[in-house]
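Below, all heavy atoms of this structure are taken into account, side chains as well, without hydrogens, waters or symmetry copies. Please read all numbers here as calculations on a predicted model, not as lab measurements.
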Amino acid sequence: MKDTSDVTRRSLLKTSAGAMALALGGGTPFLSSRAAWAQGADLANQQLRTIGLSVTVQERIIEDFKKASGVGIATGTASTHPDAQTKILSGSTDYDCWETNGERLPAVVMTNNVAPIPTSALKNWSSIRDTFTRLDPNLPRESQIVGQIWADEAQTQLNMVPAVYNYDSIGYNPDIVSDEEANSWTALFDPKWKGKSGLNTDPLTAFGQAIMAMNTLGLSDVKKPANPTPAEIDEAVKFLISKKKEGQFRALWGDFGELVNMLASGEMVVCDAWQPAVMAVKAQGRRCKYAVPKEGYRGWAIGPVLLANSPNKEAVYAYADYWLSGPPGIAVSEQGYYSPSTKIKDVMSTEKYAFWYEGKPWVGAEERGIKEGDLRDGGSLEERAKNVAYWHQWPDEYDHLVQKWDEFLNA
């Protein structure tokens, strides 16, 4: 199979503080499973030691997996991408599994720190959505999730088993910013919201958004916003620095709680955001919406990776398969993420599945700011999946991008 990226080992081993900032939120709660997962292998003598973002690494879900699978020991360490990556690349044997994002895979694949997971070891793989098996003919292979997670073109082995995914957009205050104004990545850089706009601290996120906005504004014509050339990166950083010096940004945020607080307080009225943060603001009784950018969403997926030096591969297989079994996806779905497994439909209530996945009105009592008749911002999963600008990927010019991001931070 073609490498997911032409990055160098030097690029992969680099640990710039600006480059690998927090991604994808934290503190997302999980519900206990309502059905036991049947595991054929004897796992009593194995253990699961997983590390990753708190989006998926949660004590309750790990404890639930332990009970359902019969694994002897199951522990999880919530960690940022740079910390986890540094430990893994330095040869740590403390973990069996890294729960990471698809675009981060080159860091461990190219350094031989991953052992592929065969689909034959996943009892629930047949329930996977075709988003993870079919190439989108409109996007280059490396710039979509199918081109990132597979270890072989025959699609028999996975470098990462998807557990959670979403299409990211812009959070905004509809009392101040109209839907029309918010439905473009240009909203983040609109002088109208000077001093009240927010930008994520992850350069892999910020550069792509800036480039999409520049394309719309007629300032550039970049074909691959997620994988820009050195010259395109240079132009984008000039744009970002000019906006920073003009006082456009209230904050460069990297923490889920920080994002929620600034949106809820009104300090930020428009920002790139994770949908669960928008839901958390609404749960506080504050008005908040999620935009439908005309340029398209940013797609991402996160899931378990089997570390090559793990002596507990069967436990990791079981854990990855458990994520596809249905129940673990309930909580992430009700926060605003998606489960990559169609089994979620079998375990969620009909009314909630209709709201979160099918774009139908909310039915029943108010829950976390969602009221009778409300619709999910952006519509159904099918609608949102058709409006993807790109999936996050590791850029070919990572070193150059990080250098320019540091210039932006120091400007």
After noting the C-alpha distance and the side-chain angles of R286 and L263, does the key distance pass the side-chain contact (heavy atoms from CB on, under 4.5 Å) rule? CA-CA 9 Å; R286 307 279 185 172; L263 279 171; over 6 Å; no
Before accepting this row, confirm whether a basic side-chain N of the pair K404/E407 lies closer than 4.0 Å to the acidic partner's carboxylate O. yes
Is atom CZ of R134 surrounded by more than 12 heavy atoms (other residues, nucleotides or ligands) closer than 6.0 Å? no
Verify the neighbour count for atom CD of E382: are there more than 12 heavy atoms of other residues, nucleotides or ligands below 6.0 Å? no
Do the side chains of K194 and E246 get close enough for a salt bridge, i.e. N-O under 4.0 angstrom? no
Do W391 and Y167 have ring centres separated by under 6.0 Å? yes
Has D175 got a side-chain atom pairing as donor or acceptor with N173's backbone, closer than 3.5 angstrom? no
Are the side chain of N227 and the backbone of D396 linked by a donor-acceptor contact shorter than 3.5 Å? yes
D96 (side chain) donor-acceptor with S310 (main chain) under 3.5 angstrom: no
Decide yes or no on side-chain hydrogen bond (donor to acceptor under 3.5 Å, both in side chains) for Y172 and D179, but give the supporting numbers first. CA-CA 9 Å; Y172 65 101; D179 293 351; 2.6 Å; yes
Would you confirm whether R368, through its side chain, and E334, through its main-chain N or O, come within 3.5 Å as a donor-acceptor pair? yes
Between W125 and W150, how do the two ring planes meet: parallel, tilted or perpendicular, split at 30° and 60°? perpendicular
For A291 and A182, the nearest pair of non-hydrogen atoms, with its separation, is CB-O, 3.4 Å
What is the minimum heavy-atom distance between G359 and L375, and which atoms define it? O-CD2, 3.5 Å
Taken to the nearest 0.5 Å, the spacing of L217 CG from S184 OG works out to 7.0 Å
Side-chain donor/acceptor of N159 to backbone N/O of Q148, under 3.5 Å: no
So do the side chains of W323 and P340 get within less than 4.5 Å of each other, counting heavy atoms only? no
Out of curiosity, I170 CD1 to C271 SG, how far, rounded to the nearest 0.5 Å? 9.0 Å
Give a yes or no on whether E180 atom CD has more than 12 heavy-atom contacts from other residues, nucleotides or ligands under 6.0 Å away. no
Point-to-point distance, once rounded to the nearest 0.5 Å, from NZ of K386 to CG of L381: 11.0 Å
So, taking the atom named CD1 in I211 and the one named CD1 in I233, what distance separates them when rounded to the nearest 0.5 Å? 7.0 Å
Looking at every non-hydrogen atom in both residues, tell me the closest pair between A78 and S54 and how far apart they are. CB-CB, 4.2 Å
Please step through side-chain contact (heavy atoms from CB on, under 4.5 Å) for the pair N387 and E383, ending with a clear verdict. CA-CA 7 Å; N387 184 32; E383 288 178 273; over 6 Å; no
Would you say K243 has more than 12 foreign heavy atoms packed within less than 6.0 Å of its NZ? yes
Counting C-beta onward and ignoring hydrogens, is there a side-chain heavy-atom pair between K224 and E232 closer than 4.5 Å? no
Step by step, would you call S220 with E235 a side-chain hydrogen bond (donor to acceptor under 3.5 Å, both in side chains)? CA-CA 8 Å; S220 63; E235 289 304 307; over 6 Å; no
Reference residue W253; test side-chain hydrogen bond (donor to acceptor under 3.5 Å, both in side chains); the match among N200, D272, T201, N261: D272
Hey, are D202 and R104 close enough for a salt bridge, meaning a charged N less than 4.0 Å from a carboxylate O? yes
Over all heavy atoms of both residues, which pair between A320 and P304 is shortest? Give the atoms and the distance, please. CA-CG, 4.0 Å
Just wondering, do Q209 and L188 contact through their side chains at under 4.5 Å, heavy atoms? yes
Would the distance check show the side chain of W185 and the main-chain N or O of G296 forming a donor-acceptor pair, the cut-off being under 3.5 Å? yes
Salt bridge or not between K352 and E367? Use side-chain N to carboxylate O under 4.0 Å. yes
Any chance you could measure D94, atom CG, to L307, atom CG, to the nearest 0.5 Å? 10.5 Å
Kindly determine whether N113 and W98 satisfy side-chain contact (heavy atoms from CB on, under 4.5 Å), including the steps that lead there. CA-CA 10 Å; N113 281 285; W98 184 23; over 6 Å; no
Euclidean distance, E314 CD relative to L43 CG, rounded to 0.5 Å: 7.0 Å
Within the 4.5 Å heavy-atom criterion, are I145 and Y165 side-chain neighbours or not? no
Search all heavy atoms of L324 against all heavy atoms of P162 and return the closest pair with its distance. CD2-O, 3.4 Å
Using a strict threshold of under 4.0 Å (side-chain N to carboxylate O), is an ion pair present between E63 and K66? no
Are the side chain of Y290 and the backbone of A273 linked by a donor-acceptor contact shorter than 3.5 Å? yes
Side-chain heavy-atom pair D168, T205 within 4.5 angstrom cut-off: no
Decide yes or no on side-chain contact (heavy atoms from CB on, under 4.5 Å) for I330 and I344, but give the supporting numbers first. CA-CA 7 Å; I330 292 176; I344 187 68; 4.0 Å; yes
With a 4.5 Å limit on heavy-atom distance, are the side chains of I61 and T56 in contact? no
For atom CD of E59, decide whether the heavy atoms of other residues, nucleotides or ligands shown that lie under 6.0 angstrom number more than 12. no
Could you tell me whether the side chain of W394 and the main chain of G102 form a donor-acceptor pair under 3.5 Å? no
Can you tell if the side chain of E295 reaches within under 4.5 Å of the side chain of T216, non-hydrogen atoms only? yes
Could you tell me whether a side-chain N or O of K244 sits under 3.5 Å from a main-chain N or O of A411, the two making a donor and an acceptor? yes
Please check: side-chain N/O of D374 versus main-chain N/O of K371, any donor-acceptor pairing under 3.5 Å? yes
Flag the pair W300 / Y337 as yes when their ring centroid distance falls below 6.0 Å, and as no otherwise. yes
Given R129 and Y338, is the side-chain hydrogen bond (donor to acceptor under 3.5 Å, both in side chains) satisfied, shown in steps? CA-CA 11 Å; R129 298 183 191 277; Y338 293 116; over 6 Å; no
Within-4.5 Å side-chain heavy-atom neighbours: K345 and Y357: no
Considering all heavy atoms of both residues, which atom of V71 and which atom of F65 are nearest to each other, and what is their separation? CG1-CE2, 3.8 Å
Can you list the steps and then say if Q155 with T133 is a side-chain hydrogen bond (donor to acceptor under 3.5 Å, both in side chains)? CA-CA 8 Å; Q155 296 188 353; T133 59; 5.1 Å; no
